Amino acid sequence: MSAPSESRSFGLTDRIIGQIDRAIKVLWSPTRTAREVPAHPGGEPALQESERLESCRLMRVNHAGEVSAQALYQGQALTAREGNVSEAMRRAADEEMDHLAWCETRLDELGGRTSLLNPLWYLGSFAVGALAGVLGDRTSLGFISETEKQVESHLSDHLARLPAADARSRAILEQMRHDEIMHGAAAASLGGAPLPAVVRAAMRLTSKGLTHGSYWL
Ligand SMILES: [Fe+2]
Ligand SMILES: [Fe+2]
C-alpha cells in the first residue's frame, strides 16, 4: 500500500522542482523568444543620454512586470481546480515569455539592467497567484482579467512617457499592449468573475509599488 503515497510525494517533489526551475529561468537565464522582437518601421534614431536612461528605467519596469506575470500565472496554474483552466494558465505564461524576452533584449540593447527587486516580485506574485487559484477558478480568471486591464492602462501610460526617438521600445510596448488585451478577453470569456472594488484598488496599489521600485532599483 506504500506505492500511492510514494507516487504522490514524487509528484509533489516533481512539481516543486519544476517551479524552482521555472523561477530560475525567469529570473536568471536569458529568455528565448518564440516570436521575433516586434519591428518598427523606419530607421532607428540615436538616443540622447537622458533619453537612453529614461528608456532603460521604463523598460526595466516593464521587464519586472513580466517577471511578476510569469509568477502570477505559475501560482494560479498550481492551484487551479479545472484541468482546462490550469492548462490555459500555463499556455498564457508561455505566451508571456515573449514579452519577458523582448524587454530583456531591449534592455540589453539600451545598456540597461533588470531590476534588483525581481526575486521579490516573483515570490510575492507567485503567492498572490496561488491564493487567487485557491479562491476558485472564476475568481482566478477574474483576477487575470482585471490584471490585464490594469497592465493595458499602465502600458498606455508608458507609451506616452517613452522618449519620442525610441521607436524600437515603442513597437515592443504596442505589441505587448495588444497581447494583454487579448489575454484579458480570453480570461473573461472562460468565466472570470468581476472582482470587488477594494480588491481592484489593492491591486493598483501593489502595481504602483512594483513600478516605482523597479524604476529606481
Ligand atoms: Fe505580458
Ligand atoms: Fe498578459
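Just so it is clear, the structure is predicted and the values come from calculations on it, not from any experiment. Read the numbers this way: they start at 1 and go in the same order the structure lists the ligands and their atoms. Sequential numbering from 1 along the given sequence is applied to the chain's residues.
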(Q) Restricting to N/O/S atoms, is Asp179 within less than 2.8 Å of the Fe ion (ligand 1) or not? (A) no
Q. Do any N/O/S atoms of His99 come under 2.8 Å of the Fe ion (ligand 1)?
A. yes
Using a strict threshold of under 4.0 Å (side-chain N to carboxylate O), is an ion pair present between [Y] and [X]?
X: Arg35; Y: Asp179; result: yes
X: Lys149; Y: Glu152; result: no
X: Glu49; Y: Arg52; result: yes
X: Arg113; Y: Asp108; result: no

(Q) For the residue pair His99 / Gln175, report whether a side-chain donor-acceptor contact shorter than 3.5 Å exists. (A) no
Considering only N, O or S atoms of [X], the one closest to the Fe ion (ligand 2):
X: His183; answer: ND1
X: Glu96; answer: OE2
X: Glu180; answer: OE1
X: Glu148; answer: OE2

